[in-house]
Trainee: 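Mind looking over this structure? Questions follow.
Below, chains carry the letters A, B, ... as their sequence lines are ordered, and counting in each starts from 1.
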Protein chains: 2
Amino acid sequence: MQSGLPHLQSIFTTDCVIFGFKEGELKVLLIERNEYPFKGWWALPGFFVEHNETIDDAVKRILYEHTGLRGIFMEQLYTFGDLKRHPQGRIITVAYYALLRLDDLKSQPEPVTDYARQAVWHPLNDLPELAFDHRHIIDKSIMKVRRKISYSPIAFELLPEKFTLTQLQQLYEAIWGRKLDKRNFRKKMLNYNILKELPEFQRGVSYRAARLYKLDKRKYAKVFQNELTFSKD
Amino acid sequence: MQSGLPHLQSIFTTDCVIFGFKEGELKVLLIERNEYPFKGWWALPGFFVEHNETIDDAVKRILYEHTGLRGIFMEQLYTFGDLKRHPQGRIITVAYYALLRLDDLKSQPEPVTDYARQAVWHPLNDLPELAFDHRHIIDKSIMKVRRKISYSPIAFELLPEKFTLTQLQQLYEAIWGRKLDKRNFRKKMLNYNILKELPEFQRGVSYRAARLYKLDKRKYAKVFQNELTFSKD
DNA sequence: ATTTAATAGTGTAACAAATACACACTATAT
DNA sequence: ATATAGTGTGTATTTGTTACACTATTAAAT
């Protein structure tokens with residue numbers, strides 16, 4: 001509690017693991033810190049929770065500052081309170097993760113605050129060394145997402161509204177880190193009856209036009225109780 | 001932040017949902033508050049987190065004060081930070097749940113602290129009205145436990161070291177709130193190969209002695225990835 | 001001694017879900 | 001014309017899930 005940290009509102013912070021999906025890869029938004037401690041290091045976007053806002057609101061604020069978007073899917077992950085996680089004393093952080101359609105972004109993220117020098121998307125599989133215990137927080141997030149996509153349709157939060165089954169499969173493969181069988185994936189995914197087949201096609205990277213689908217939100221809830229698994233590899 | 005709450009260490013608290021299992025019922029340990037606000041109301045055991053302890057340590061302290069036991073299974077549940085959850089201002093609470101073998105208790109729990117007038121086990125299905133948002137916290141805990149027993153062997157934390165398959169099944173039934181098929185339950189549970197058959201039997205409530213089992217801790221981990229489900233009813 | 005009541009313990013057949021697996025079709029680039 | 005990259009499709013096998021009913025044992029009551 002030295003060094004000019006504001007007092008009443010500085011006891012705890014939030015940090016947010018923002019996931020995006022592009023080019024078949026999962027990405028995480030990191031900021032380059034412009035403040036001590038860890039000045040110049042990469043870190044998760046996060047900030048002190050103000051005294052008159054809920055934690056959720058603080059996270060929404062951080063998300064908006066970094067992406068310019070509202071209404072992003074987010075969920076509380078875990079609260080970290082190790083005595084040594086912050087060099088300036090025991091600062092508790094409530095960590096969240098958020099899932100973002102990268103296509104919705106108008107431009108590269110620009111940090112609105114001055115605590116960050118820049119904000120950059122990093123591939124999840126090639127992260128730089130991170131400040132504080134942020135690496136640990138990211139690891140815990142990805143494990144949660146990995147589990148959660150098998151029983152709830154959160155994966156769709158990472159895709160554009162209209163998507164091909166191939167894109168959806170690539171997303172699952174990226175999150176789980178293993179290849180899935182195309183025929184089994186499609187069979188199972190379509191069987192859940194939560195996808196609406198659109199009359200449109202998309203050329204994309206492929207040489208052949210692929211059918212577009214979108215999530216049928218009315219049928220969303222059904223899957224929430226089931227478990228999804230896919231196989232081969 | 002009025003009325004004499006300590007400052008630096010009073011910004012957030014922990015509350016702990018302590019589950020126990022006895023007489024075929026899930027129970028929750030509640031205290032009767034002896035302090036304002038909500039003096040005389042039933043509430044979850046909980047307290048301010050001291051400035052030099054981790055959140056986990058604070059919960060362990062609370063568990064020990066109320067049960068006299070150490071090494072109890074516990075896990076962080078969620079952090080609640082609504083502006084209106086506490087009448088004296090925004091006090092954040094990190095909620096935990098704990099699973100306890102009631103047989104390990106030497107005696108009825110006696111509150112060691114003076115913020116509680118008494119501590120009493122309440123059946124989960126017949127709870128009194130609770131202080132703060134504690135009812136909400138309990139609801140969220142039971143949902144987590146319900147989910148978690150299907151992919152991890154936490155249920156055993158609620159049973160004595162040696163138990164019969166009937167006891168184990170009753171526990172699952174209590175947590176899920178529905179009857180399970182005896183033959184299917186046994187078949188599946190034994191197939192997981194995480195139970196060690198003991199050469200001992202126990203009479204218990206039954207008229208016929210029943211085989212005792214214990215958890216085989218070496219094989220524990222295997223189940224952690226699978227999902228368990230049982231059927232009929 | 002016999003009966004009653006409570007509980008332990010056991011197997012199989014039908015069905016559903018998960019898995020492994022390979023080729024033809026189309027558009028594009030050269 | 002041909003090579004390339006990606007879409008889309010069906011079946012047989014194995015595995016897991018479900019429904020279902022009786023006998024054996026013992027304590028307690030008569």
Trainee: Five pairs per end, C1' atoms only: what is the angle between the end axes of the helix from C/dA1-D/dT30 to C/dT30-D/dA1, to 10 degrees?
Mentor: 0°

Trainee: What residues, two or more places apart in sequence or in another chain, satisfy side chain to side chain donor-acceptor pair (under 3.5 Å) together with A/Thr93?
Mentor: A/Thr13, A/Asp15

Trainee: Excluding sequence neighbours, so at least two apart, what forms side chain to side chain contact (heavy atoms under 4.5 Å, CB included) with B/Asp139?
Mentor: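 B/Asp139: side chain to side chain contact (heavy atoms under 4.5 Å, CB included) contacts with B/Arg135.
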
Trainee: Can you tell me how far C1' of D/dT9 sits from CE of A/Met189, to the nearest Å?
Mentor: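 So the two atoms are 18 Å apart, to the nearest Å.
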
Trainee: Can you name the side chain to side chain contact (heavy atoms under 4.5 Å, CB included) partners of A/Tyr115, sequence neighbours left out?
Mentor: A/Ile31, A/Glu35, A/Pro45, A/Phe47, A/His66, A/Thr113

Trainee: Suppose we screen for side chain to side chain contact (heavy atoms under 4.5 Å, CB included). Which residues come up paired with B/Pro160, at least two apart in sequence or across chains?
Mentor: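 Residues passing side chain to side chain contact (heavy atoms under 4.5 Å, CB included) with B/Pro160: B/Asp103.
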
Trainee: Sugar-phosphate means primed atoms, P, OP1 and OP2; the rest is base. With that split, encode nucleotides 8-16 of chain C 5' to 3' as B, S or - using protein heavy atoms under 4.0 Å.
Mentor: BBBBB----

Trainee: Send over the distance from A/Leu212 CG to D/dT7 P, rounded to a whole Å.
Mentor: 12 Å

Trainee: Which whole-number value in Å describes the distance from A/Phe185 CZ to D/dT9 C1'?
Mentor: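 So the two atoms are 16 Å apart, to the nearest Å.
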
Trainee: Please report the distance, rounded to the nearest Å, between CZ in A/Arg203 and P in D/dT7.
Mentor: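 In whole Å, D/dT7 P lies 12 Å from A/Arg203 CZ.
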
Trainee: A/Leu168 has an atom CG; how far is it from atom P of D/dG8, in whole Å?
Mentor: 13 Å

Trainee: Given atom CG of A/Asn191 and atom P of C/dA17, what is their separation to the nearest angstrom?
Mentor: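 Distance check: A/Asn191 CG to C/dA17 P gives 8 Å.
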
Trainee: Calculate the interatomic distance between B/Leu180 atom CG and D/dA19 atom P; express it in whole Å.
Mentor: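 B/Leu180 atom CG is separated from D/dA19 atom P by 11 Å.
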
Trainee: For the side chain of A/Asp181 and the backbone of A/Asn184, is there at least one donor-acceptor N/O pair under 3.5 Å apart?
Mentor: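 Yes, A/Asp181 side chain to A/Asn184 backbone: donor-acceptor pair under 3.5 Å.
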
Trainee: Going by side chain to side chain contact (heavy atoms under 4.5 Å, CB included), name the residues that satisfy it together with A/Gln202, two or more places apart in sequence or in a different chain.
Mentor: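 Partners of A/Gln202 under the side chain to side chain contact (heavy atoms under 4.5 Å, CB included) test: A/Thr164, A/Gln167, A/Leu212.
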
Trainee: Run the side chain to side chain contact (heavy atoms under 4.5 Å, CB included) test on B/Leu195 and B/Phe163 for me, step by step, so that the C-alpha distance in whole Å, both residues' side-chain angles and the decisive distance to 0.1 Å come before the verdict.
Mentor: CA-CA 10 Å; B/Leu195 297 185; B/Phe163 49 84; 3.9 Å; yes

Trainee: Does B/Phe19 have any ring pair (Phe, Tyr, Trp, His ring centres under 6.0 Å) partners at least two apart in sequence or in another chain, and if so, which?
Mentor: none

Trainee: Just jot down the side chain to side chain donor-acceptor pair (under 3.5 Å) partners of B/Lys27, sequence neighbours excluded, or say none.
Mentor: B/Glu23, B/Glu25

Trainee: Specify the separation, in whole Å, of atom OH of A/Tyr192 and atom P of C/dA17.
Mentor: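 Between P of C/dA17 and OH of A/Tyr192: 9 Å.
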
